[in-house]
Amino acid sequence: MKHILSLLALAAVTSVTAQNQPMNLGDEEVDIAVWNEELQAKADAGDKEAQWVVGMCYAEGKGVEPSEAQAFLWWRKSAEQGFMDAQYWLGRIYQTDGAVDRSDENAFEWYLKAAEQGHPAAQRRVARCYYEGKGAEQDYEIAFDWYKKAAEANDKQSMVMLGSMWEDGLADSQDYEQAVHWYLKAAESGDAEGQYNTGRMYENGNGVERNTETAIEWYKKAKAQDKDPYSTFAAARLEELLH
């Protein structure tokens, strides 16, 4: 569907096959403490949060030699005790080609456990599994429901996906006004894709009254985020509109 391929590219996790390399966490790097003996002692004693942090230290190489296998081991210990952040990252590791065999089914299982506890990123991942039919049977209605849960918890990527599903007619129906509603929420939260799509809707007059000046304003906001791929898309629209 249109607007989806770019989002999936942004969300994709680069596989890690070389030893002694930190995991590629994409745009979801976590601010954690550097590994230390006190933290390790807590993890060894069964503290589920400490186990998750130790796993993150191994994933990012903070205070220890990077090891995806060790990250998996400690996340598994924590996840089995119900710690939702570990459950989420265990799902992530099952969608890389590294320490464990890639398995969309196992990834979905752990994402769902975290999602049911209210983890927004896990809710988005569950939605994506249903949307793509990977790890779960494809079901746009269920995908929509999970994206909405995540969006209502301020997950910007889910806001964009809701907008896209309304625009493409994959929600209850095709509804440009609802599409604009969710694109705008993402845009106002600083999401470059949301800003680009909001500009596009204003430029084309879909769901809102056509307004080139407002479209240009949103394109400029997206362009300013020069590390985001949608900056390039926005720049191209500005080039055409302003010249």
Side-chain angles (χ1 to χ4, degrees), residues 1-13 25-29 31 115 118-132 139-243:
M1 301 299 171
K2 60 184 179 180
H3 321 310
I4 303 304
L5 293 179
S6 296
L7 179 66
L8 299 184
L10 289 172
V13 180
L25 305 182
D27 60 353
E28 297 186 79
E29 293 203 18
D31 185 16
H119 193 291
Q123 291 171 337
R124 169 172 28 90
R125 294 276 174 168
V126 167
R128 181 178 168 185
C129 289
Y130 279 113
Y131 187 95
E132 297 181 352
D139 190 314
Y140 291 136
E141 184 177 352
I142 297 177
F144 180 88
D145 289 342
W146 279 110
Y147 277 131
K148 189 172 183 181
K149 288 179 187 292
E152 289 174 344
N154 297 318
D155 185 85
K156 292 181 286 188
Q157 291 182 42
S158 294
M159 294 174 189
V160 172
M161 282 302 301
L162 284 179
S164 180
M165 292 187 77
W166 279 114
E167 183 177 3
D168 294 341
L170 297 179
D172 292 336
S173 60
Q174 187 175 55
D175 189 325
Y176 289 146
E177 290 185 3
Q178 281 292 322
V180 171
H181 169 78
W182 287 106
Y183 287 150
L184 185 59
K185 284 181 71 70
E188 290 174 339
S189 297
D191 183 85
E193 185 176 6
Q195 292 166 345
Y196 170 79
N197 284 336
T198 299
R200 183 173 53 78
M201 299 300 273
Y202 272 103
E203 181 184 357
N204 296 325
N206 290 334
V208 290
E209 185 176 350
R210 187 189 301 269
N211 189 319
T212 302
E213 290 184 2
T214 301
I216 288 171
E217 290 177 7
W218 283 112
Y219 285 146
K220 285 181 176 179
K221 290 179 184 292
K223 181 186 176 183
Q225 301 196 54
D226 55 7
K227 294 183 179 180
D228 192 290
Y230 279 89
S231 172
T232 301
F233 301 155
R237 295 307 310 137
L238 287 168
E239 177 71 19
E240 183 170 335
L241 292 171
L242 296 176
H243 295 87

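It should be emphasised that the depicted structure is a prediction, and the values quoted were computed from it without experimental measurement.
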Listed by chain and number, what are the side-chain hydrogen bond (donor to acceptor under 3.5 Å, both in side chains) partners of E209, not counting sequence neighbours? none
Could you walk me through whether F233 and Y230 pass the ring-ring contact (aromatic ring centres under 6.0 Å, His included) check? CA-CA 5 Å; F233 301 155; Y230 279 89; 4.9 Å; yes
Could you pull out the closest heavy-atom pair between A215 and G199, with the gap in Å? CB-O, 3.2 Å
With rounding to the nearest 0.5 Å, note down the distance linking OG1 in T212 to CG in L241. 6.5 Å
Identify the heavy atoms of A151 and S158 that sit nearest to each other, and give their distance. N-CB, 3.7 Å
Heavy-atom check, side chain of R125 versus side chain of R128, under 4.5 Å: yes
Residues in side-chain contact (heavy atoms from CB on, under 4.5 Å) with N204, at least two apart? R200, N206
Got a sec, which residues hit side-chain contact (heavy atoms from CB on, under 4.5 Å) with A222, two or more places apart in sequence or on another chain? Q195, Y196, A234
side-chain hydrogen bond (donor to acceptor under 3.5 Å, both in side chains) filter on D191, not counting sequence neighbours, yields none
So, does S189 use its side chain to make a donor-acceptor pair with the main chain of K185 at under 3.5 Å? yes
I'd like to know if the side chain of Q174 and the backbone of E167 have a donor-acceptor N/O pair within less than 3.5 Å. yes
Looking only at non-hydrogen atoms, find the nearest pair between A179 and G163 and report the distance. CB-O, 3.3 Å
Residues forming a side-chain contact (heavy atoms from CB on, under 4.5 Å) with I142, sequence neighbours excluded: Y130, D139, W146
Salt bridge (Lys or Arg N to Asp or Glu O under 4.0 Å) with E240: which residues, sequence neighbours excluded? R237
Grab the two heavy atoms, one from A115 and one from V126, that are nearest each other, plus how far apart they are. CB-CG2, 3.8 Å
Is there a side-chain contact between W166 and H181, using heavy atoms and a 4.5 Å cut-off? no
When rounded to the nearest 0.5 angstrom, what is the spacing between OG in S164 and CH2 in W182? 14.0 Å
Distance-minimising heavy-atom pair for M159 and N154: CE-CA, 3.6 Å
Sequence neighbours left out, what passes side-chain contact (heavy atoms from CB on, under 4.5 Å) with T214? Give chain and number order. Y202, N211, W218
Could you check if a side-chain atom of Y140 sits within less than 4.5 angstrom of a side-chain atom of Y147, using non-hydrogen atoms only? no
Report the residues that fulfil side-chain hydrogen bond (donor to acceptor under 3.5 Å, both in side chains) with D172, sequence neighbours left out, ordered by chain and then residue number. none
V160 versus Y183, closest heavy-atom pair with distance: O-CE2, 3.5 Å
Can you list every salt bridge (charged side-chain N to carboxylate O under 4.0 Å, His left out) pair that touches residues 142-162, not counting sequence neighbours? R124-D155
Rounded to the nearest 0.5 Å, the CD atom of E193 sits from the OG1 atom of T198 at a distance of 10.0 Å
Check: Q225 side chain, G190 main-chain N or O, donor-acceptor pair, under 3.5 Å: yes
To the nearest 0.5 Å, how far apart are CG in L184 and CG in N197? 11.5 Å
